[in-house]
2 protein chains.
Amino acid sequence: MARHARYDRKTALEKAVGLFWEKGYHGSSMKQIEQALDMRPGSIYATFGSKDGLFSEALAAYAEQGGRELAVHLKGFDSIVEGLQDYLRGIACSCGDENAAPSRACMIVKTLLESSNTHPALADQANSILAAIEQSIAELLEQARVKGELVQSIDSRRLTRLLQAQIMGLRSMGERNLDPQIMRDLGDDMAAILDGYRTQH
Amino acid sequence: MARHARYDRKTALEKAVGLFWEKGYHGSSMKQIEQALDMRPGSIYATFGSKDGLFSEALAAYAEQGGRELAVHLKGFDSIVEGLQDYLRGIACSCGDENAAPSRACMIVKTLLESSNTHPALADQANSILAAIEQSIAELLEQARVKGELVQSIDSRRLTRLLQAQIMGLRSMGERNLDPQIMRDLGDDMAAILDGYRTQH
DNA sequence: GTTGTAATTGAGCATTCGTTCAAAAAGGAG
DNA sequence: CTCCTTTTTGAACGAATGCTCAATTACAAC
């Protein structure tokens with residue numbers, strides 16, 4: 001056989017997520033990537049093909065991790081709606097926390113806004129991911145409706161997009177560096193929107 | 001005297017807004033700027049100082065125009081709240097419209113997300129503009145509260161930020177290229193959020 | 001050890017980046 | 001027309017960009 005790889009693909013990707021999430025696609029140079037991954041250009045290109053390829057894989061890894069985070073919040077609650085509300089409050093809280101993450105805003109949204117008119121391939125990927133997230137949240141809300149948590153008459157798909165827009169808005173507001181209490185209030189107010197669609201009991 | 005400037009500063013800025021709004025700061029090269037403004041580098045630098053300076057002025061011009069748009073929507077209604085609701089629906093509508101603007105998302109938010117960790121000066125400017133917008137909307141909502149349109153107990157500042165987050169979310173969703181009807185529904189649902197804070201009569 | 005293979009290295013590629021500045025061009029005043 | 005001032009031009013700069021590849025290194029098998 002031969003020499004074994006010094007770099008773990010997964011940990012390298014995690015580091016790439018950190019840099020790209022923080023600085024975006026255009027804002028991250030290969031020089032910075034080399035430093036962040038502690039890899040030389042040759043190794044990076046042998047492993048990921050190109051800056052585009054690395055970014056694409058990093059974005060996918062980010063999305064996967066994001067999905068796991070939502071699942072964690074939901075696990076803590078019997079009620080789906082309360083789980084989602086906790087998720088919103090959790091985002092608001094982490095937005096107040098300094099240095100909790102490379103950036104407060106969502107990397108998928110950052111990518112979509114940055115690349116929609118400059119890099120169609122990335123924009124398509126971001127759009128696909130957002131559609132997939134919409135799909136899985138829609139299933140949750142539909143489930144909640146069937147369970148009787150939400151009023152029967154709601155359009156779960158439509159409420160999903162309202163919720164998705166809340167998350168986008170909340171995390172973008174996070175980038176404003178507002179007072180933590182203000183972010184918590186905002187998270188509460190967004191959680192309260194869902195109450196308007198709940199069944200009373 | 002001497003030769004007079006061939007370029008009108010204001011129309012040049014409008015063209016710059018168009019390019020920067022579409023492609024962002026990093027996504028717009030000087031070559032593209034020269035083409036968009038139909039100006040040679042020397043003239044651009046003599047007029048605006050630098051790419052940064054041009055972007056900064058363009059962002060300010062964009063914000064000013066955005067403020068005028070909101071005022072137009074408000075003029076059409078006796079009720080402030082209904083004016084704001086119409087503003088939300090208007091955004092949703094224009095997001096569905098193809099080629100209505102260089103980009104569906106807000107240039108200020110795009111700038112904030114792009115520059116928050118790469119270009120502090122731009123991020124600061126974007127933050128200042130967002131704070132100013134928050135201020136003027138807060139004055140509107142406080143006015144609406146005093147007029148009795150909104151329940152007396154509301155925190156107008158807090159509701160302002162919820163509204164601002166709606167706008168950010170709505171316009172970011174616009175970048176997803178969803179069906180126009182879907183965007184209209186989303187705008188309606190966001191407008192309906194405000195109903196929850198209105199006085200009944 | 002020696003050999004064979006695969007991973008890593010980093011100097012250096014062509015290109016593009018934002019920017020400068022000496023020269024050319026375009027008027028108004030005399 | 002001749003000056004004088006101001007604006008415009010575009011070639012060219014140094015630095016940075018994404019990327020390549022021949023040489024080197026490190027390990028497993030023998």
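Chain identifiers are assigned alphabetically (A, B, ...) following the order of the sequence lines, protein sequences preceding nucleic acid strands; residue numbering begins at 1 within each chain. FYI, side chains are in, hydrogens and waters are out, and symmetry mates aren't considered; it's all heavy atoms of this structure.
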Under the 3.5 angstrom rule, does the side chain of [X] hit a backbone N or O of [Y] as a donor-acceptor pair?
X        : Y        : value
B:Gln152 : B:Arg145 : yes
A:Thr199 : A:Glu149 : yes
B:Trp21  : B:Leu59  : no
A:Glu114 : A:His26  : yes

Sort and list the pairs that fulfil side chain to side chain donor-acceptor pair (under 3.5 Å) and have at least one residue in residues 170-180 of chain B, not counting sequence neighbours.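 Checked against side chain to side chain donor-acceptor pair (under 3.5 Å) - neighbours excluded - the pairs reaching residues 170-180 of chain B are A:Glu134-B:Arg176, A:Gln164-B:Arg176, B:Tyr62-B:Arg171, B:Ser103-B:Glu175, B:Arg104-B:Asn177.
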
To the nearest Å, how far apart are [X] [atom1] and [N] [atom2]?
X       : N      : atom1 : atom2 : result
A:Met39 : D:dT20 : CE    : P     : 15 Å
A:His4  : C:dT5  : NE2   : C1'   : 13 Å
B:Leu37 : C:dG18 : CG    : P     : 13 Å
B:Met30 : D:dT9  : CE    : C1'   : 14 Å
A:Arg40 : D:dT20 : CZ    : P     : 18 Å
B:Ile44 : C:dT20 : CD1   : P     : 13 Å

Between the protein and nucleotides 22-24 of chain D, which nitrogen or oxygen pairs come in under 3.5 angstrom?
none

Taking only residues at least two apart or on different chains, which pairs with a member in residues 13-38 of chain A satisfy salt bridge (charged side-chain N to carboxylate O under 4.0 Å, His left out)?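 Only A:Asp38-A:Arg40 qualify under salt bridge (charged side-chain N to carboxylate O under 4.0 Å, His left out).
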
Summary of salt bridge (charged side-chain N to carboxylate O under 4.0 Å, His left out) pairs that have at least one residue in residues 49-72 of chain B, sequence neighbours excluded: B:Arg9-B:Glu57

Decide, yes or no, whether a salt bridge links A:Glu82 with A:Arg198 under the criterion of side-chain N to carboxylate O below 4.0 Å. yes

Would you say that more than 12 heavy atoms from the other residues, nucleotides or ligands in this model lie under 6.0 Å from the CG of A:Asp78, or not? no

Ranking D:dT8, C:dT8, D:dT17 by distance to the side chain of A:Lys31, first place goes to D:dT17

What's the closest nucleotide to the side chain of B:Glu34 if the choices are C:dT19, C:dT8, C:dC17?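 Of the candidates, C:dT19 comes closest.
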
Below 30° counts as parallel, above 60° as perpendicular, anything between as tilted: where do the rings of B:His73 and B:Tyr87 land? perpendicular

Looking at B:Tyr45, does any N or O in its side chain come under 4.0 Å of the phosphate oxygens OP1/OP2 on D:dG10? no

Is the phosphate of D:dT9, meaning OP1 or OP2, less than 4.0 Å from a side-chain N or O of B:Tyr7?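 Looking at the OP1 and OP2 atoms of D:dT9, one of them is under 4.0 Å from a side-chain N or O of B:Tyr7.
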
Proximity to DNA chain C (any heavy atom under 4.0 Å), residues of residues 47-57 of chain B only: B:Ser50, B:Lys51

A:Arg6 or B:Pro41: which one's nearest nucleotide on DNA chain C is closer to the 5' end? A:Arg6

Please report the C-alpha distance between A:Gln125 and A:Ser56 in whole Å, then the side-chain angles of each, then the deciding distance to 0.1 Å, and finally whether the side-chain hydrogen bond (donor to acceptor under 3.5 Å, both in side chains) criterion is met. CA-CA 8 Å; A:Gln125 189 187 351; A:Ser56 175; 2.9 Å; yes

Interface with DNA chain D, restricted to residues 18-29 of chain A and to heavy atoms under 4.0 Å: A:Ser28, A:Ser29

